[in-house]
2 protein chains.
Amino acid sequence: MKIGELAERTGVSVRSLRYYERQGLLAPLRQDNGYREYSVLAEEQVRTIRFYLDLGLSTEQIAGFLQCVLRNKESFCEEVLPIYQHKLKEIDGQIRLLNQIRVNLRDRISSILQERNQGQEEII
Amino acid sequence: MKIGELAERTGVSVRSLRYYERQGLLAPLRQDNGYREYSVLAEEQVRTIRFYLDLGLSTEQIAGFLQCVLRNKESFCEEVLPIYQHKLKEIDGQIRLLNQIRVNLRDRISSILQERNQGQEEII
DNA sequence: TTAAACCATGACATCAATGTCATAGTCAAG
DNA sequence: CTTGACTATGACATTGATGTCATGGTTTAA
């Protein structure tokens with residue numbers, strides 16, 4: 001199958017498919033005319049790539065274990081666990097930071113609303 | 001005071017002070033030699049800018065209300081509240097997304113650990 | 001056969017604040 | 001007067017996946 005068909009089947013843009021290839025995540029054959037030729041397995045492979053990307057992993061991280069997880073159960077691939085754990089710490093840190101900001105924002109919003117109400121009361 | 005001194009007093013790099021100026025957040029006078037001349041008020045102003053930047057607001061958003069909040073109470077500046085509320089929604093969305101990923105990651109990590117333990121037991 | 005649709009590659013843009021470097025003018029202390 | 005510290009401006013880099021455009025070759029359907 002050619003790149004346009006794979007793009008349509010997976011919902012991933014042609015641009016991204018070429019990018020994944022350059023990052024070492026896909027390795028389609030080439031037809032005589034230079035067109036990329038994807039096997040039927042490529043569709044599942046792209047969905048796997050998308051899954052890990054959506055998990056927040058980088059193409060570089062994914063490249064480190066993609067071949068393994070395509071052939072085995074995830075638990076068999078040694079590289080996966082440390083990457084997951086590292087990502088989890090990162091996510092926890094981000095959530096903590098966002099929560100601090102969130103609390104700060106909520107405080108300021110309610111304080112603004114309160115002061116405005118007091119201003120109204122003074123007028124009354 | 002010159003830019004180096006302001007940078008040292010506020011902990012903000014010279015580069016960033018020039019950037020803030022270009023974004024319309026600072027407007028120092030110029031000495032005859034072209035050097036920027038900051039008033040003592042600039043120090044507080046920079047801290048205010050940093051505060052809003054740390055809250056996740058963009059220089060463009062900050063520029064929209066900075067002059068007002070420097071002169072009045074925050075609750076007096078009409079532009080602030082909608083920006084806060086918009087930012088809060090954004091943060092909530094980010095937290096939600098991160099939490100989904102977090103749950104996903106934790107599930108996969110524990111599932112890997114569990115499968116590895118089962119593998120061990122089988123050997124025993 | 002010809003036009004439309006598809007493919008290839010490479011380059012530039014994005015988002016945003018900041019770092020860094022190059023080049024050059026200015027100032028202060030020795 | 002000279003050297004080192006400071007300042008000015010402008011340009012390029014960063015981060016990462018993706019969009020978009022330009023240019024040109026290929027295929028396919030009418």
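All chains are named by letter (A, B, ...) in the order of the sequence lines, taking the proteins before the strands, and each is independently numbered beginning at 1.
- Counting heavy atoms of neighbouring residues, nucleotides and ligands inside a 6.0 Å radius, atom CZ of A/R116 exceeds 12 of them.
- Heavy atoms of other residues, nucleotides or ligands lying less than 6.0 angstrom from CZ of B/R47 number more than 12.
- Comparing the start and finish of the helix from C/dT1-D/dA30 to C/dG30-D/dC1, five pairs each, the helix axis swings through 30°, to the nearest 10 degrees.
- Using a 4.0 Å cut-off, no side-chain N or O of A/N33 falls inside it from OP1 or OP2 of C/dC7.
- Within 6.0 Å of CD in B/E8 there are 12 or fewer heavy atoms belonging to other residues, nucleotides or ligands.
- Phosphate proximity of C/dC7 to A/Y35: absent, as no side-chain N or O sits under 4.0 Å from OP1 or OP2.
- An OP1 or OP2 oxygen of D/dT26 is reached within less than 4.0 angstrom by no side-chain nitrogen or oxygen of A/R30.
- B/Y19 has a side-chain polar atom (N or O) that falls below the 4.0 Å cut-off from OP1 or OP2 of C/dA17.
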(request) Using the salt bridge (charged side-chain N to carboxylate O under 4.0 Å, His left out) rule, take A/K2 and A/E37 through it: C-alpha gap first, then chi angles, then the decisive distance, then the call. (result) CA-CA 5 Å; A/K2 284 182 292 185; A/E37 174 64 33; over 6 Å; no

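- Closest-nucleotide positions on DNA chain C for A/G4 and B/Q23 were compared, and the one nearer the 5' end corresponds to A/G4.
- The stretch residues 46-65 of chain A does not touch DNA chain C, since none of its heavy atoms comes less than 4.0 Å from the strand.
- Side-chain proximity of B/R15 to D/dT7, C/dA11, C/dT20: nearest is C/dT20.
- In the set D/dT7, C/dG10, C/dG19, the nucleotide with an atom closest to the side chain of A/R22 is C/dG10.
- Atom OH of B/Y52 and atom CG of B/L25 lie 12.0 Å apart (nearest 0.5 Å).
- The distance between atom CE of A/M1 and atom P of C/dC7, rounded to the nearest whole Å, is 12 Å.
- Listed pair B/R36 / D/dT9 meets the phosphate criterion, a side-chain N or O lying under 4.0 Å from OP1 or OP2.
- No more than 12 heavy-atom neighbours from other residues, nucleotides or ligands sit within 6.0 angstrom of CZ on B/F76.
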